[in-house]
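Each remark here refers to the structure printed beneath this line.
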Amino acid sequence: MSTPRWARALLRVVAARDRHEDLLGDLEEMHRRRLSRHPRALASALTGVDVLWTAGAFLQERSVASLRDLGLTVRHATRSILRRPGFSLAIVAILALGIGVSTAMFAVIHSVLIEPLAIGDAERAVRLLPDHPRMGESDGTFALADLADLETGAPAIEAVAAFDGWQATLDRPDGAVRVPAAIVSPDFFRVLGVRPWAGRFFSSEDPGREGEALIVLSHSMWTGVLGADPTVVGSTLRLNGQPHTVVGIAPPGMEDPRLGRGGQEAPSLWRTPPASWYWDRATERGYRFVTAIARLGEGASLELAREQARSVFSSLAERFPGSNAEWSVRLVPLKERIVAPVRLPLRLLGAMVGLLLVITCVNVANLFLVRAAGRRREIGLRLSLGASGRRVVGQLLTESALLATMAGVVGVVGAALILRVLPGLASGQLPRMELLEADGTTLLFGIGLTLLTALLFGLVPAFRMPRDPARALTEGPGSRGGERESHRIHGWLLAIEAGLTVVLLASASLLGHSYARLTAVDPGFDPERVLTLRLEIPTRIYDTDERVRDALDRIATEVDALPGVETVGFTNILPFSGGYWSAAYVVVDAGGPDETTPRAEVRTVSGGFFGALDIGLHEGRSIRDTDVQGAPPVAVVNRRLAENEWFGGSPTGHDLEVFGARYRVVGVAADVRDAGLDRPAVETIYLPQAQAPTWLTRFPYLTLTTDGPPTAIAPAVREAVRRVDNGIPVHDVRSMRTVIGATTAAARFRTVLLVTFAALAFLLAGLGVYGVVSYTVATRRTELGIRTALGATRRDIARTLVDRELKPLLVGAVAGLGCAALVARTMESLLYGVEPHHIPSLAGALVALAGVAGLAALQPLLRGTRADPTQVMRQP
Amino acid sequence: MAPIHLGEFEFLVLLAALGLGPDEAYAVSIGDEIESRTGRRVRRANVYTTLKRLEAKGLVSTFLGDPRPERGGKARRLVEVEREGVEAVQDTRAAMRSMWGGLDEVLEEGA
């Protein structure tokens, strides 16, 4: 009867192999002794206890030893890192760059694309978009009456909510504050599925129509403007001169700007609808002015809701052909709507950052390889002295892990810093930026990335361990030991790096070209030296049309008198401001009745507007200050409308009907690309400000040409407005250049990011080439010396080196060019005026890479061709 | 070389190994020897770790003997006390003796 099998197995596991023989023998001997004295069960039990004690002792000893080993390895690795501070610093810097940028990008993608919306049952919240054959992919608005029919006619839709932007001015003892706000229907918060942070939200029982206005504050408005006043719920705020009762506070993070129309500011408060919503607007189907969202019923599928909604709209089109013909509706998940516009750019940037990370790893691996070649003797010595291969690999991995950890710490801290400044840089360019933070997930990603990179670049030199340690020992510092295999690895790494760099360079170049074309587009007017600002003529004081017009006249006179101001003009909607106001119009004498009512953008302008923006005239005259009430009503149309309606003939002298009034066309103005540089001009009618209804002109933009930098005069302009009336708020004071710049900011943002990544990759590629060529020249000095001695010219030597070193680079670059062409196709929708296969961009990337490679290789190549044969031959 | 000071159990293990001689000293017999002479319970795991420590200090060396049937055909790991080990025993004994001087009476009174 021998010892229990488990006991023997346990000893085998815990003890070193060379102790198995005697330990198992001792165990057997003791067990037999116990069997002779005790019953078998007791003997087995005693032996079991004995084995457990023994195993415990061995385990303890082993863990102490391995801890000591680890300490030794770490100490050794630290010493080795400190011995080459320049090299170590370079590695840490390059890796930190890769880890930092990747981690920050991950955090952005995670919080924008992956994190769920801060609203309840987000998958049931949908955005409603009008669908009309003449309308492109854009935000759109609905008529209240159509939404009411949709809510009752589509059972799969539980509730529909409407909202509209609202300009509110908060009266405070220290002056008026403009507050971005929204008017929302009572169901708005229910549709979003959010709970009040304090107080309550609106309900359909709230007094509508004639009742007092109620408001819900955003959390940031409450903490910011109102200083987190705990008594605010139930109190009254004066907005636009009227009392508004605060009923609740919304939860933090609900201020998503893209819930509103694109490009608008996040609302700071929401109010119940004004009386006007319940009068004519409620029944007027042609008046589409509200944005709409809806909540699907419990368990209702999006498909079903879509089908029902479309059928409601097609029946409306039949019942009201005048206003609803061809109009339908699209349902898009809310998150999709918020995130969709940035998905492609973000994915592109994410992919590019991924490439950059691979490039950094490849680069570091290459540098490590170069260094490993210099350490072959050291490693050979250690192997000869009895260190196991595993131990040496462990040593190399510990070194790379230490370097990667340092880089990881620097990188993650850098990422946190990037994330802190990014929301400021990306404001308005990316949605959901308020949710951005360096959280646990980001940290985990950073740590994972660090480990991965350590493994990636640490293992490469491990493969390059000398197979024959004794031979490695006899190698001189310049010998060719293992050169061929390491040359192959270098070649591969260089090819990968070159390929990825070309992809990055070509993509950045494409975006750069596209951005340059976009900003070179003529907006249709001259934005230089133009200052713009928005005014608000308060209803409570300026309650008649005459008073509003008088106020505007007095402001124009005051501002015009300022030194440095050349021309002053008003408009209801500033080009590139994101605003729009379209209306149906009728060409009065246009033959037979038109099937559909055409629509055009309507601008009310003062006499100075065309001069202030230097908008050209194609024929006739522009709007003048003499076009006032009582004078014949006139209009100017833009060229596009003139061509559409009069087909090349002259519109001058013809009549148009807008808002039920008749205007005679007196001139044709140049087209202005109102909606953005990348969009064509739309049909536009300019009406004299003094002849248009004042509800259109109450919130005008003031535009003025100056003789110097436009913003320098801003304080004087504010002061001039204040002299007219201290209660008229002035806001959005910007130069016209800034206004246009805001529309290209998203393109600029992604272009700048991508160009930065490409520049980094470019630098790294140069560094990589330099490292590899230097290494080859150093390891092949003997060969080069011999060849020089045998009569090879410098040119021969240079040709050989270029041929061998830079060929993989070229192969990689050409392969990268193919990938770049594929990548370019995916980013087609981000490009303006540039084909994805834009040859100069692709060729430019290749030339740039070749250039940097040539430059980087130059110095070591020269060193190689100057190898002095006599000196080289004397070396071991 | 500075004298190596031994722990009490190390001292006992070395003495037992010296007494048994290189042909008979191994973990089991060393444990038995200490138990029978001092009457105290010896855990074999402690003998293993002590022997390993002594070997690391260069005081003993170990080698495998011949296989033995009573051990299931396994060999014993025999222990030979090195010269340094003998010196360590002598140093320890000298230290003890010098500490002992004059304490006989005190200890007898106390007993």
Side-chain angles (χ1 to χ4, degrees), chain A residues 1-38 40 42-69 71-72 386, chain B residues 7-10 12-13 16-17 20-37 39-82:
Chain A
M1 174 72 209
S2 70
T3 45
R5 185 179 291 179
W6 68 264
R8 282 178 307 194
L10 182 63
L11 274 190
R12 279 206 183 90
V13 171
V14 297
R17 191 183 290 266
D18 63 339
R19 295 298 307 269
H20 289 177
E21 171 85 13
D22 63 296
L23 286 178
L24 291 175
D26 290 354
L27 187 68
E28 184 68 31
E29 187 180 336
M30 291 302 290
H31 187 59
R32 291 192 185 188
R33 196 189 288 178
R34 288 186 189 110
L35 277 175
S36 66
R37 294 179 193 160
H38 307 291
R40 188 196 290 174
L42 181 58
S44 291
L46 288 173
T47 298
V49 173
D50 186 13
V51 164
L52 287 180
W53 276 111
T54 308
F58 272 85
L59 269 183
Q60 195 184 356
E61 196 174 280
R62 223 163 83 165
S63 57
V64 168
S66 57
L67 263 180
R68 204 170 36 228
D69 260 17
L72 256 175
Chain B
E8 191 218 358
F9 196 65
E10 286 176 334
L12 293 179
V13 168
L20 290 163
D23 294 336
E24 284 305 322
Y26 67 108
V28 174
S29 64
I30 290 172
D32 289 348
E33 182 76 2
I34 298 173
E35 272 190 5
S36 67
R37 288 203 182 216
R40 68 192 246 184
R41 280 273 290 130
V42 173
R43 195 164 275 138
R44 218 173 58 263
N46 294 345
V47 180
Y48 288 132
T49 47
T50 305
L51 278 174
K52 193 154 194 185
R53 205 158 51 232
L54 291 173
E55 195 173 6
K57 289 181 187 172
L59 304 183
V60 300
S61 56
T62 64
F63 55 95
L64 284 179
D66 298 326
R68 294 193 158 220
E70 73 271 20
R71 295 169 55 86
K74 305 276 184 209
R76 303 177 297 181
R77 181 167 291 274
L78 295 165
V79 179
E80 181 168 14
V81 181
E82 295 289 336

Discussion item. Just to be sure I understand the criterion: a residue of residues 66-75 of chain B counts if one of its heavy atoms is under 4.5 Å from a heavy atom of chain A. Which ones qualify?
Written reply: B:Pro69, B:Glu70, B:Arg71, B:Gly72, B:Gly73, B:Lys74, B:Ala75
Worksheet item: In terms of heavy-atom pairs under 4.5 Å with chain A, which of B:Arg76, B:Lys52, B:Arg77 leads?
Response: B:Arg77
Item to complete: Quick one: which of A:Leu24, A:Leu27, A:Leu23, A:Asp18 has the most heavy-atom pairs under 4.5 Å with chain B, could you say?
Response: A:Leu23
Discussion item. Can you confirm whether A:Gln60 is buried at CD, in the sense that more than 12 heavy atoms of other residues, nucleotides or ligands lie under 6.0 Å from that atom?
Written reply: no
Discussion item. So if I take each residue of residues 40-49 of chain B and look for any heavy atom under 4.5 Å from a heavy atom in chain A, which residues do I end up with?
Written reply: B:Arg43, B:Arg44, B:Ala45, B:Tyr48, B:Thr49
Item to complete: Name the region of A:Asp26, side chain, backbone, both or neither, that has any atom closer than 4.5 Å to a heavy atom of chain B.
Response: both
Worksheet entry | Interatomic spacing from CG in B:Asp32 to CZ in A:Arg33 - rounded to 0.5 Å | 4.0 Å
Response to the item:
If one checks every heavy atom of A:Glu61 against chain B at 4.5 Å, the contacting part turns out to be side chain
